[in-house]
Amino acid sequence: GSTSRVGIGTSSPSYPLDVASTGSTTLRLTSAGTGAVAMRYENASGWKSGIVVDNNGTYRVDATNIYLNPTNNVGIGTASPGHKLSISGGNAQISHTEPTLFFNDTTTGHDDWKIYADWDKFYIQQYVGDSSYSTRLMSDASGNIGIGTTSPASLLHVAGTVQGETIKAHHADGDGASLSIGRIDN
């Protein structure tokens, strides 16, 4: 017709190809051989993107280098992701009000962890029991590091006992002033 639209399951298509169903709808594309099956997006300036399923069952969104393989691994920049999410050839960025990365151990009795940034502070926290997250390490805008405290008063502020074989402190100007605490062998 004058609108150049095809309707399947509808007598009034809204798009060039409009498939409608009262239940689930499946669009089937079949390759007669072993080649890939693809849907492409093009406009007047040419090819832009497409969704491709190759003969190994790997899905990819062309022009973005995003892949989903048959083992449900997602690859960005890699066609053979070895993990649930594999990123190759670039950086990853998490942007949000408080960008957070969670590490959830699914083993019973194991704690979960999270790393997040809150304005000018950076935190590493552990989920303790079944109650809440407890800060284990944080860094503030001044570069102060707190271990066991969220208010570090110096470059390194440890709230609790520090244990080690040797602890050394040297004066930065090289005048020989230093403090060493450790076991002395005779």
Side-chain angles (χ1 to χ4, degrees), residues 1-128 130 132-141 143:
S2 62
T3 60
S4 300
R5 295 178 181 163
V6 175
I8 301 172
T10 179
S11 59
S12 54
S14 299
Y15 303 97
L17 175 61
D18 196 339
V19 180
S21 172
T22 57
S24 299
T25 301
T26 301
L27 177 62
R28 180 177 176 185
L29 303 172
T30 304
S31 171
T34 58
V37 176
M39 292 189 318
R40 294 173 54 112
Y41 162 70
E42 296 182 18
N43 63 17
S45 63
W47 179 81
K48 298 297 178 193
S49 184
I51 298 173
V52 179
V53 182
D54 69 17
N55 61 346
N56 296 319
T58 298
Y59 291 77
R60 78 174 182 266
V61 180
D62 277 352
T64 63
N65 290 322
I66 298 174
Y67 300 84
L68 172 64
N69 70 17
T71 59
N72 293 323
N73 291 345
V74 175
I76 300 174
T78 176
S80 52
H83 300 280
K84 289 298 176 189
L85 177 60
S86 297
I87 301 172
S88 179
N91 298 317
Q93 178 176 327
I94 301 172
S95 298
H96 196 270
T97 304
E98 286 185 7
T100 304
L101 181 60
F102 290 92
F103 297 88
N104 298 98
D105 189 333
T106 57
T107 306
T108 302
H110 289 207
D111 291 333
D112 297 329
W113 292 81
K114 75 176 180 178
I115 298 173
Y116 78 100
D118 180 13
W119 193 49
D120 60 350
K121 295 180 178 143
F122 179 81
Y123 297 88
I124 298 177
Q125 295 184 329
Q126 178 184 19
Y127 192 74
V128 181
D130 292 327
S132 63
Y133 282 93
S134 179
T135 300
R136 299 302 183 202
L137 185 138
M138 70 86 61
S139 175
D140 67 16

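If you're wondering where the values come from, they're calculated on a predicted model, not measured in any experiment.
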For this session: Evaluate the side chain to side chain contact (heavy atoms under 4.5 Å, CB included) criterion for residues Ile124 and Trp113: first the C-alpha distance (whole Å), next the side-chain angles of each, then the deciding distance (0.1 Å), finally the verdict.
Result: CA-CA 7 Å; Ile124 298 177; Trp113 292 81; 3.9 Å; yes
Problem set entry | Intermediate values then yes/no, side chain to side chain donor-acceptor pair (under 3.5 Å), Thr30 and Arg28 | CA-CA 6 Å; Thr30 304; Arg28 180 177 176 185; 3.1 Å; yes
Problem set entry | Worked verdict on Val19 versus Thr10 for side chain to side chain contact (heavy atoms under 4.5 Å, CB included) | CA-CA 7 Å; Val19 180; Thr10 179; over 6 Å; no
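Taking a 6.0 Å sphere around CD1 of Ile51, one finds it holds 12 or fewer heavy atoms contributed by other residues, nucleotides or ligands. Shown here is Tyr59, whose OH atom has no more than 12 heavy atoms of other residues, nucleotides or ligands within 6.0 Å.
Remark: Asp118 CG to Met138 CE distance equals 9.0 Å, nearest 0.5 Å. Between Asn55 atom CG and Thr34 atom OG1 the span is 5.5 Å, to the nearest 0.5 Å. Put simply, CG on Asp18 and CZ on Arg5 are 8.5 Å apart, with the number rounded to the nearest 0.5 Å. If you take CG on Leu27 and CD1 on Ile8, they are separated by 8.0 Å, rounding to the nearest 0.5 Å.
The closest side-chain heavy-atom distance from Val53 to Leu29 is not below 4.5 Å.
Contacts of Thr135 classified as side-chain hydrogen bond (donor to acceptor under 3.5 Å, both in side chains), with partners at least two apart in sequence or in another chain: Gln125. A search for side-chain contact (heavy atoms from CB on, under 4.5 Å) contacts involving Thr107 returns Asp105, His110, not counting sequence neighbours. Annotation: side-chain hydrogen bond (donor to acceptor under 3.5 Å, both in side chains) contacts of Asp54 (sequence neighbours excluded): none. Every residue two or more places apart in sequence or in another chain that forms a side-chain hydrogen bond (donor to acceptor under 3.5 Å, both in side chains) with Asp112 is listed here: Asn104.
The nearest pair of heavy atoms linking Ser134 to Val128 is CB-CG2, 3.6 Å. Heavy-atom minimum distance, Val6 versus Pro13: O-CB, 3.7 Å. Summarising the geometry of Lys121 relative to Asp140, their closest heavy-atom pair is CG-CA, 4.1 Å, with the distance given to 0.1 Å.
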Using a 3.5 Å cut-off and no angle test, enumerate the donor-acceptor pairs between side-chain atoms of residues 89-103 and protein atoms at least two apart in sequence or in another chain.
| residue | atom | partner | partner atom | Å |
| --- | --- | --- | --- | --- |
| Gln93 | NE2 | Ser95 | OG | 2.6 |
| Thr100 | OG1 | Glu98 | O | 2.8 |

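Cation-pi geometry between Lys114 and Tyr133 is satisfied (NZ or CZ under 6.0 Å from the ring centre, within 45° of the ring normal).
The side chain to side chain donor-acceptor pair (under 3.5 Å) analysis of residues 70-83, with sequence neighbours excluded, yields the pairs Asn69-Thr71, Thr71-Asn73.
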